[in-house]
**Q** 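Before anything else, here's the structure in question.
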Amino acid sequence: QVTLVESGGGSVRTGDSLRLSCTDSGATFSTLAMAWFRQTPGANTKNEREFVATITNNGGWTYYADSVKGRFTISRDNTKNTVYLQMDNLKPEDTAVYYCAADKLGPSTVVAAFDHWGQGTQVTVSS
């Protein structure tokens with residue numbers, strides 16, 4: 001069973017950094033591709049979540065949205081059942097609820113590809 005819990009969100013200023021964590025309490029984490037998505041205040045449904053970053057089950061391959069490339073880094077520690085999103089040089093447009101997602105089939109940029117989701121953590125960036 002996959003149960004994802006995010007943490008690390010908060011309110012910061014432009015240019016600051018945050019590190020989000022997402023921990024799985026199940027026993028299959030090392031077999032799962034993981035991703036981070038975000039939902040901005042104007043998006044009302046799950047399908048409107050915006051892809052941020054994804055990583056393979058062994059951490060050997062990552063992919064980013066253009067809007068965060070060079071500022072955000074996704075990584076994972078399979079010994080801790082945790083995936084991270086290091087966010088540097090944050091901007092007001094990064095304000096959103098950030099969700100981690102997991103799937104057995106591999107990394108993806110598509111919401112529908114992921115079967116398991118966390119509850120989300122709020123990130124607010126003020127200018």
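Computed from a predicted model, the values in this text were never measured in an experiment.
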**Q** Main chain of Ser126, side chain of Thr14: is a donor-acceptor contact present, judged purely on distance under 3.5 Å?
**A** yes
**Q** Without swapping roles, check the side chain of Thr82 against the backbone of Lys80 for a donor-acceptor pair under 3.5 Å.
**A** yes
**Q** Taking the six-membered ring of Tyr99 as reference, does the NZ or CZ atom of Arg49 fall below 6.0 Å from its centre and within a 45° cone about the axis?
**A** yes
**Q** I need the single residue from Leu32, Asp24, Val83 that forms a side-chain contact (heavy atoms from CB on, under 4.5 Å) with Leu4. Which is it?
**A** Asp24
**Q** Check the side chains of Asn47 and Thr45 for a donor-acceptor pair under 3.5 angstrom, ignoring hydrogens and angles.
**A** no
**Q** Identify whether Ile55 and Leu18 are in the same connected component of the hydrophobic contact network (ILVMFWY, side-chain heavy atoms under 4.5 Å).
**A**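 Cluster IDs for Ile55 and Leu18 match.
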**Q** So which heavy atom on Ala96 is nearest to which on Gln122, and how close?
**A**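 Closest approach of Ala96 to Gln122, heavy atoms only: O-NE2, 3.4 Å.
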**Q** With rounding to the nearest 0.5 angstrom, report the CG to OG distance, Leu85 to Ser75.
**A**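 Answer rounded to 0.5 Å: 8.5 Å.
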**Q** Rounded to the nearest 0.5 Å, how far does CD of Glu93 lie from CZ of Arg38?
**A** 8.0 Å
**Q** Working note: Glu6 + Ser21, criterion side-chain contact (heavy atoms from CB on, under 4.5 Å); need CA distance, chi angles, decisive distance, verdict.
**A** CA-CA 6 Å; Glu6 299 100 333; Ser21 300; over 6 Å; no
**Q** Between Phe29 and Asn57, is a side-chain contact (heavy atoms from CB on, under 4.5 Å) present by the stated rule, with each step listed?
**A** CA-CA 8 Å; Phe29 182 77; Asn57 66 310; over 6 Å; no
**Q** Would you name the heavy atoms of Glu50 and Ser67 that are closest together and state the gap between them?
**A**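 So the minimum-distance heavy-atom pair works out to OE2-OG, 3.6 Å.
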**Q** Tell me, with the steps shown, if Arg13 and Asp16 meet salt bridge (Lys or Arg N to Asp or Glu O under 4.0 Å).
**A** CA-CA 6 Å; Arg13 306 292 291 269; Asp16 285 349; over 6 Å; no
**Q** Should the pair Asp94-Lys91 be classified as a salt bridge under the 4.0 Å nitrogen-to-oxygen rule?
**A** no
**Q** Would Trp36 end up clustered with Leu90 when hydrophobic side chains under 4.5 Å apart are linked, directly or stepwise?
**A** yes
**Q** Could you check His116 against Asp103 for side-chain contact (heavy atoms from CB on, under 4.5 Å), going step by step and ending with a plain yes or no?
**A** CA-CA 7 Å; His116 307 283; Asp103 192 72; 5.7 Å; no
**Q** Could you state whether Leu20 and Phe72 fall into the same hydrophobic cluster, counting links through intermediate Ile, Leu, Val, Met, Phe, Trp or Tyr residues with side-chain heavy atoms under 4.5 angstrom apart?
**A** yes
**Q** For Ser17 and Asp88, test the side chains for any donor-to-acceptor distance below 3.5 angstrom and give the result as yes or no.
**A** yes
**Q** Looking at Gln1, I'd like to know if its CD atom is crowded, meaning that more than 12 non-hydrogen atoms belonging to other residues, nucleotides or ligands lie closer than 6.0 Å.
**A** no
**Q** Minimum heavy-atom separation for Ser127 to Pro92, with atom names?
**A**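 Heavy-atom minimum between the residues: CB-CG, 4.1 Å.
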**Q** Hey, is NZ on Lys46 packed in by over 12 heavy atoms from elsewhere, all under 6.0 Å?
**A** yes
**Q** Shortest non-hydrogen contact from Thr28 to Thr31?
**A**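 Scanning both residues completely, I find the closest heavy atoms to be O-OG1, 2.6 Å.
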**Q** Carefully, step by step, assess Thr121 and Val97 under the rule side-chain contact (heavy atoms from CB on, under 4.5 Å).
**A** CA-CA 5 Å; Thr121 186; Val97 178; 5.9 Å; no
**Q** Return yes if some donor-acceptor pair links the side-chain N/O of Asp77 with the main-chain N/O of Tyr84 below 3.5 Å, else return no.
**A** no
**Q** Write down the atom of Arg76, the atom of Ser30, and the distance for their closest heavy-atom approach.
**A**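 Scanning both residues, the minimum pair turns out to be NH2-CA, 4.2 Å.
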**Q** For the residue pair Phe114 and Phe37, does the interplanar ring angle fall in the parallel (under 30°), tilted (30 to 60°) or perpendicular (over 60°) class?
**A**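 It falls in the perpendicular class, over 60°.
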**Q** Tell me whether Val123 shares a hydrophobic cluster with Tyr64, the cluster being built from Ile, Leu, Val, Met, Phe, Trp, Tyr side chains joined at under 4.5 Å.
**A**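 Yes, Val123 connects to Tyr64 through the hydrophobic network.
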**Q** Which heavy-atom pair separates Ala33 from Gly106 by the least distance, and what is that distance?
**A** CB-C, 3.2 Å
**Q** In terms of hydrophobic clusters joined by side-chain contacts under 4.5 Å, are Tyr98 and Val125 together?
**A** yes
**Q** Counting C-beta onward and ignoring hydrogens, is there a side-chain heavy-atom pair between Pro107 and Tyr63 closer than 4.5 Å?
**A**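 Answer no - side chains too far apart.
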